[in-house]
Amino acid sequence: MTLNVTNNLNKIQTFKGSAPAGLSSLNAAYLNRMGGQNSAVQSAPAQYTPQAQIPAAQNTMQHNVSSPQTLPAPVMQPNGAISNPMPAYMPGVGAVPSGYFMPGDNNHGSEDRIIKKTPLTGARIMADKIAKDIFVYAPKGMQGSKNSNFYEYLSLGIVPYITGSAMMIATSVAAKKFFNPNDAKASGMMGKGVAMGVILYAAMKWAASKVMNKGTELITGVDMDMPYKKVINELPENGREKVVTEFHKVFESVDFPRWDLINKEGEENGNRYEFYDKIAKDKLGCDGPLNAPDQVVQPLIKQALTKAMAARSIASFLWAGVGVAIAAQKPFAEEFLNFGRNAGVLNALKHLPKNFAEVFVKSAKQLWKGSSAKSAIVGKGLVLAAAATTVLGLLNVKRGYKVDKKQSETKIDYKKDYVEN
């Protein structure tokens, strides 16, 4: 692998004496050392040979390297990409991580890629976001960092959910010690009920979203949760450059899905249109490969995603409301919240899943039946509205998701004159 710094140096107008503003400390050190030898560098660009000794600097250099260095070979993928970019060598500076070079013709393998999904992929991505929200994104935003972006702003939206829920629970239990025994007990029960409502709100909203996503995948063959890892080279800040990663979804934007990543994955498997061919065969009923599968399937995917996302937004919040309503029923307040009080922690944890399932079913039945005629109407209406939105939303996704297999007939009227202005 050859590291050519000629193109980078051509971008600099003047570099003698002092380094140009905006460069990292490593680039500045390199340019200062090489200030008087521009022609020498352009005529003999630096070479980096894996598993080979790097010779000392030539006499044309102002400073000699004290000792040769050996750099290990990078790990090459079958498609030619470098999965583990190694440090490169710069005369007068030494071994430098590739992420600190000015962007040139070779990005050393740093690129976005689709990651393989596992049962814990979603949980790991969420944990990564929450940790970065607290320790990275929030501090960057408060400091006015020029590298803060819209993704970080949206990711921070989970913080108000967590802090708001905690404050809502605290308002019911914080002043409990000032109440008489009966009021203190009622306040504690209310606080536990609010906590359970928060938990079921999030759980039911998440479950409804997953149901919509899975139903859409079964109908269209499109996984709305397909994740990819985005690599970002941040702007120089405080004299340093940094490479960071973000987790996104390939279809998180209807207008701009990451078709390039899908095509790239297909190319690695030997067929650029593998994704579209599979959908055309399995979901659209095409007998053979299409001439231009991407041009045929992509508009259908966008149409289906628009419908699915709208239905998912409505259905998920309706099911979240059902979760809060279930948490407000008596079985949760009287049975589950007092479960294990006298049974011990280990024994309570052992029987927790079974107890939760039993209380959840009882509470759902009570919500459906209601304690009165009016409450029964409200409970049934809420559950039916959530279920209907889910079913009708998936049916709407299915509607129009097809290819017109009938050959179009083109007719030309030769009696009409052709006029060119």
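If you're wondering where the values come from, they're calculated on a predicted model, not measured in any experiment.
- The side-chain heavy atoms of Val359 and Ser363, taken from C-beta on, include a pair separated by under 4.5 Å.
- With a 4.5 Å cut-off on side-chain heavy atoms, Ser155 and Tyr137 count as touching.
- Atom CG of Asn291 sits in a sparse spot, with 12 or fewer heavy atoms from other residues, nucleotides or ligands closer than 6.0 Å.
- Residues meeting the side-chain contact (heavy atoms from CB on, under 4.5 Å) test with Glu217, sequence neighbours left out: Lys214, Asp223.
- Between Ile158 and Lys129 there is no side-chain heavy-atom pair separated by less than 4.5 Å.
- A tilted orientation is assigned to the rings of Tyr273 and Tyr276, their planes being inclined by 30° to 60°.
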Test Met224 against Met309 for side-chain contact (heavy atoms from CB on, under 4.5 Å), laying out the working first. CA-CA 9 Å; Met224 298 173 66; Met309 288 181 178; 3.7 Å; yes
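- Checked for salt-bridge contact, Lys210 and Asp225 meet the test: a charged N lies under 4.0 Å from a carboxylate O.
- Every pair passing side-chain hydrogen bond (donor to acceptor under 3.5 Å, both in side chains) that includes a residue from residues 377-402 is listed here, sequence neighbours excluded: Trp319-Thr390, Asn396-Arg399.
- A distance of 9.0 Å separates OG1 in Thr245 from CZ in Arg113, rounded to the nearest 0.5 Å.
- Stacking of Lys249 on the aromatic ring of Tyr228 is not recorded, the 6.0 Å distance cut-off and the 45° axial limit not both being met.
- Looking at Lys242 and Glu237, no side-chain N of the basic residue comes within less than 4.0 Å of a carboxylate O on the acidic one, giving no salt bridge.
- Heavy atoms from other residues, nucleotides or ligands lying under 6.0 Å from NZ of Lys302 number more than 12.
- Residues Pro227 and Lys117 have side chains in contact (heavy-atom distance under 4.5 Å, counting atoms from C-beta outward).
- Within the 4.5 Å cutoff, side-chain heavy atoms of Glu234 are placed close to those of Lys140.
- The list of side-chain hydrogen bond (donor to acceptor under 3.5 Å, both in side chains) pairs with a residue in residues 303-315, not counting sequence neighbours, reads Asn213-Arg312.
- More than 12 heavy atoms of other residues, nucleotides or ligands sit less than 6.0 Å from atom CH2 of Trp259.
- The backbone N or O of Pro236 lies less than 3.5 Å from a partner atom in the side chain of Lys146, making a donor-acceptor pair.
- Ion pairing between a basic and an acidic side chain is recognised when a charged N comes within 4.0 Å of a carboxylate O; Asp112 and Arg258 show such pairing.
- Between Gly400 and Leu300, the closest heavy-atom pair is O-CD2, 3.9 Å.
- Using a 4.0 Å cut-off between a side-chain N of Lys or Arg and a carboxylate O of Asp or Glu, Asp128 and Arg124 do not qualify as a salt bridge.
- Across all their heavy atoms, Phe332 and Ala327 have their closest contact at CB-O, 3.7 Å.
- Taken to the nearest 0.5 Å, the CZ atom of Arg272 stands 4.0 Å off from the CG atom of Asn263.
- The aromatic rings of His248 and Tyr151 are tilted relative to each other, their planes meeting at an angle between 30° and 60°.
- Counting heavy atoms from C-beta on, the side chains of Ile219 and Lys283 never come closer than 4.5 Å.
- Here the side chains of Ile301 and Thr220 are not in contact, with every heavy-atom distance at 4.5 Å or above.
- Of all non-hydrogen atoms in Gly157 and Pro160, the two that sit nearest each other are O-CD, 3.1 Å.
- Between atom CD1 of residue Ile134 and atom CD1 of residue Ile130 there is a gap of 7.0 Å, rounded to the nearest 0.5 Å.
- When only modelled atom types and interatomic distance are considered, Asn149 and Glu246 share a side-chain donor-acceptor pair under 3.5 Å.
- Once rounded to the nearest 0.5 Å, the distance linking CD1 of Ile125 with CZ of Phe247 reads 5.5 Å.
- The CG atom of Leu382 lies 9.0 Å from the CD1 atom of Ile326; values are rounded to the nearest 0.5 Å.
- Shortest non-hydrogen contact noted between Pro331 and Gln366 is CD-OE1, 3.1 Å.
- The closest side-chain heavy-atom distance from Val243 to Ile232 is not below 4.5 Å.
- In this structure, Ser145 contributes its side chain and Gly141 its backbone to no donor-acceptor pair below 3.5 Å.
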side-chain contact (heavy atoms from CB on, under 4.5 Å) between Cys286 and Lys281, intermediate numbers included: CA-CA 5 Å; Cys286 298; Lys281 179 181 179 181; 5.8 Å; no
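- Contact between Ala385 and Leu318 at its shortest, heavy atoms only, is O-CD1, 3.7 Å.
- Between atom CZ of residue Phe256 and atom CZ of residue Phe251 there is a gap of 15.0 Å, rounded to the nearest 0.5 Å.
- When all heavy atoms are compared, the tightest approach of Asp133 to Pro139 is O-CD, 4.4 Å.
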